[in-house]
Amino acid sequence: METFEMENNGFTHHRDVIPPPINQGVIGSCSAVATAQCLSATVQMKFGGPQDPARRPSVQELIDKTQEAFPNDCYRAVPGEGGFRGFPPETAFEYIKQHGVAVEANHPYCGQRTSTPTPPDSPRIRIEDYTVKRRKLPGTDSPDFDIQPIIRQQPVVGVLTAYESLGPHKEV
């Protein structure tokens, strides 16, 4: 993905490039939302102007189509719970790299997995590439890196593995 200097694009605040939050409900769409928000912020940084659904990636298409395109890369539903359990952000980026993603205005978010097709004439947002970086966890020998230069260049998707020791969490 091409990088853009956040400090030099004339935004009054970095939050100017971040799309409005999405209520994800309970369908396991956090990676789809985070990936689409990251890509939306990148598009916003490149082209400027107000946030516009005609230039935002469709979270709904990512939810509906990524699992279909990469079933082995998606999290399995817990037996008895059913539903959608999500996928890692790199799987969503790979979907966007291979297929592009429709714009939100043509495939809006509805808060559940659907079989609604994307209109064939929908504009698509495409990427050439993406990078996955994994940060060192305390007490491990995984590689470490400095995230500051990365986040100064472009939006990122961060993933936190929530273990039971994190404690209960809920929508507020």
Side-chain angles (χ1 to χ4, degrees), residues 1-3 17-45 56-104 107-116 118 124-171:
M1 187 183 303
E2 189 176 346
T3 61
V17 300
I18 300 171
I22 294 173
N23 182 346
Q24 299 169 45
V26 295
I27 68 162
S29 62
C30 57
S31 289
V33 169
T35 302
Q37 300 287 60
C38 178
L39 184 54
S40 181
T42 303
V43 168
Q44 184 69 20
M45 289 169 64
R56 273 199 307 264
S58 170
V59 172
Q60 192 65 47
E61 181 177 327
L62 292 177
I63 291 168
D64 293 345
K65 301 298 183 183
T66 299
Q67 188 168 3
E68 186 179 300
F70 302 102
N72 295 330
D73 293 342
C74 296
Y75 306 130
R76 300 285 178 241
V78 175
E81 284 186 16
F84 177 73
R85 299 295 289 187
F87 41 79
E90 55 262 33
T91 302
F93 280 118
E94 189 60 30
Y95 175 84
I96 297 165
K97 180 180 175 183
Q98 290 185 23
H99 305 280
V101 62
V103 296
E104 181 77 17
H107 200 145
Y109 184 71
C110 70
Q112 62 186 5
R113 191 159 183 242
T114 71
S115 57
T116 305
T118 302
R124 301 191 73 73
I125 299 170
R126 300 184 183 279
I127 60 173
E128 291 180 14
D129 211 354
Y130 59 94
T131 302
V132 175
K133 297 269 190 182
R134 302 197 188 283
R135 186 130 190 216
K136 179 180 176 183
L137 297 172
T140 70
D141 12 335
S142 62
D144 197 4
F145 62 91
D146 184 7
I147 196 164
Q148 291 297 323
I150 297 168
I151 62 177
R152 284 192 179 101
Q153 293 288 316
Q154 65 192 45
V156 298
V157 175
V159 176
L160 168 69
T161 302
Y163 296 100
E164 286 183 24
S165 60
L166 183 64
H169 61 282
K170 64 179 183 174
E171 184 179 331

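Fair warning: this is a prediction, and the values are worked out from it, not measured in the lab. When a residue number appears, it is its place in the shown sequence, counting from 1.
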Nearest-0.5 Å distance, CZ of residue R126 to NZ of residue K97: 13.0 Å
Shortest non-hydrogen contact between P57 and V101, atoms and distance: CB-CG1, 3.7 Å
Value rounded to 0.5 Å, distance of OG1 in T66 from CZ in F70: 7.5 Å
Trace of the side-chain contact (heavy atoms from CB on, under 4.5 Å) decision for I63 with T114: CA-CA 8 Å; I63 291 168; T114 71; over 6 Å; no
Shortest non-hydrogen contact from H99 toward A69: NE2-CB, 4.2 Å
Least distance between heavy atoms, H107 atom then T118 atom: ND1-OG1, 2.6 Å
Donor-acceptor under 3.5 Å (Q60 side chain, Q112 main chain): yes
Closest non-hydrogen atom pair between V59 and A36, with its separation: CG2-CB, 3.5 Å
Nearest atoms (heavy-atom pairs only) where R56 meets S40: CG-OG, 3.1 Å
Plane angle bin for Y130 and F93 - parallel if under 30°, tilted between 30 and 60°, otherwise perpendicular: parallel
For R124, all residues meeting salt bridge (Lys or Arg N to Asp or Glu O under 4.0 Å), sequence neighbours excluded: E61
CD-OH distance between Q67 and Y95, expressed to the nearest 0.5 angstrom: 12.5 Å
By side-chain hydrogen bond (donor to acceptor under 3.5 Å, both in side chains) - contacts of Q98 (at least two apart): E94
Value rounded to 0.5 Å, distance of OG1 in T91 from CD1 in I96: 11.0 Å
Considering all heavy atoms, the nearest V157-T35 contact: CG2-CA, 4.0 Å
